Amino acid sequence: MTITVVDHPLVQHKLSLMRDRETGTANFRRLLREIAMLLGYEVTRDLPLEKRHIETPLAGTEAPFIEGKKLVVVPILRAGLGLADGLLELMPQARVGHVGLYRDPETRAAVEYYCKLPEDIADRLVVVCDPMLATANSAIAAVDLLKRAGAPRIKFMCLLAAPEGVRAFTEVHPDVPLWTAAIDRKLDDHAYILPGLGDAGDRLYGTK
Ligand code: PRP
Ligand code: URA
């Protein structure tokens, strides 16, 4: 298992602003998009390159380009959309799959309500994104679903993780590396991350 905590000062500063209860929807959304780009930079660090011939205004040269098919960004609805927006600014040609899951408030099980994935997912690297890894039930269910759909290589990117969620996720999917901006203290009695930032979807979209 690999877990990378992206402790870059820009990421940490922006995350602190997002945690603050006084930060409103517009700023929360902008900050999440910005952090997604910074995390995305790390998540894509090992993409293979191939040389192709180009002509600059002065000379021909063999220049590096990302090899292979464009990757697939898969946000877990809803809050994952906020991270996907940033990743797509970084990689505008990426394909996008959508997985709709919500947490049952009683059992905390992930309930699937939507799934639309590119047909050729078996040929592509998949980056699943969701700001919150709490119990990890949603992340585990999303990765289960993607593996069943034939995705051979999956990475998971979140903003905040609880230690309980990291343990659960890496136990079930040790082959899926994880990137996060922070691992917080613990889950509260309602399986919210402490200190966390509250309900990511509600803060992103201004709902309750
Ligand atoms: C939140 C969050 C994750 C999930 C994390 O979504 O965006 O998907 O909870 O919790 P877990 O690790 O315990 O599964 P939520 O179910 O509230 O749906 P929403 O994004 O539509 O608000
Ligand atoms: N989902 C959220 O949006 N926040 C948490 O703290 C836990 C799950």
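This is a predicted model, so every value here is computed, not measured. First listed ligand is number 1; within each ligand, the first listed atom is number 1. Positions are given from 1, in the same order as the sequence printed here.
Nearest to atom 17 (O) of ligand 1 by heavy-atom distance, out of T207, D202, D199, is D199. The closest heavy-atom contact to atom 15 (P) of ligand 1, among the options H190, R103, R78, comes from R103.
Nearest protein heavy-atom neighbour of atom 6 (O) of ligand 2: I193 N, 2.8 Å. Nearest to atom 7 (O) of ligand 1 among the protein's heavy atoms is D130 OD1, 2.9 Å. With respect to atom 14 (O) of ligand 1, the closest heavy atom belonging to the protein is S138 OG, 2.5 Å. Among protein heavy atoms, atom 18 (O) of ligand 1 sits closest to L101 O, 4.1 Å. Annotation: atom 5 (C) of ligand 2 to nearest protein heavy atom, Y192 CD2, 3.3 Å.
The closest approach between a heavy atom of M132 and any atom of ligand 1 is below 4.0 Å. No heavy atom of R203 sits closer than 4.0 Å to any atom of ligand 2. Using 4.0 Å as the threshold, A110 has no heavy atom nearer than that to any atom of ligand 1.
Taking any N or O of A200, backbone or side chain, at least one lies under 3.5 Å from an N or O belonging to ligand 2. Residue contacts with ligand 1: Y113 is placed with no nitrogen or oxygen under 3.5 Å of a nitrogen or oxygen of the ligand (distance criterion only). At a 3.5 angstrom cut-off on N or O pairs, I76 does not count as close to ligand 1. Residue-to-ligand polar distances keep G201 apart from ligand 2: every N/O pair is separated by 3.5 Å or more.
Near G198, with a cut-off below 4.0 Å to any heavy atom, the atoms of ligand 2 are 2 (C), 3 (O), 4 (N), 5 (C), 6 (O). Taking a cut-off of under 4.0 Å to the non-hydrogen atoms of Y102, the atoms of ligand 1 that pass are 16 (O). For ligand 2, the atoms closer than 4.0 angstrom to any heavy atom of A134 are 7 (C), 8 (C). Which parts of ligand 1 touch A79 is read off a 4.0 Å heavy-atom cut-off, strictly below it: atoms 7 (O), 20 (O). Contact atoms of ligand 2 toward A191: 7 (C) (distance under 4.0 Å to a heavy atom of the residue). Listed by number with element, the atoms of ligand 1 under 4.0 angstrom from any heavy atom of A136 are 11 (P), 12 (O), 13 (O).
For atom 1 (C) of ligand 1, the nearest protein heavy atom is 4.0 Å or more away.
Counting only N and O atoms by type, the side chains of R103 and T135 include no donor and acceptor under 3.5 Å apart.
Ionic pairing of E89 and R33 is present here: one or more N-O contacts between side-chain nitrogen and carboxylate oxygen are shorter than 4.0 angstrom. In summary, R108 and D104 do not engage in a salt bridge, as defined by a charged side-chain N under 4.0 Å from a carboxylate O.
Listed here is the closest heavy atom pair of H173 and K147: ND1-NZ, 2.9 Å. The two atoms that bring M132 and A200 nearest to each other are CG-CB, 3.6 Å, heavy atoms only. Here the closest heavy-atom approach between residue L83 and residue C158 is recorded as CD1-CA, 4.4 Å.
When N27, L31, L159, L32 are each tested for a side chain to side chain contact (heavy atoms under 4.5 Å, CB included) with K14, only one passes: L31.
Annotation: I66, atom CD1; neighbour count of heavy atoms from other residues, nucleotides and ligands within 6.0 Å does not exceed 12. Within 6.0 Å of atom CD in E119, 12 or fewer heavy atoms from other residues, nucleotides or ligands are found, so the atom counts as exposed in its surroundings.
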Given salt bridge (Lys or Arg N to Asp or Glu O under 4.0 Å), test D123 with K70 step by step and report yes or no. CA-CA 9 Å; D123 304 329; K70 303 289 181 294; over 6 Å; no
Can you check salt bridge (Lys or Arg N to Asp or Glu O under 4.0 Å) on D175 and K155, steps first, answer last? CA-CA 9 Å; D175 54 318; K155 299 180 174 197; over 6 Å; no
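E164 places a side-chain N or O within donor-acceptor distance of the main-chain N or O of L187, the cut-off being under 3.5 Å.
The shortest distance between side-chain heavy atoms of M18 and I35 falls below 4.5 Å.
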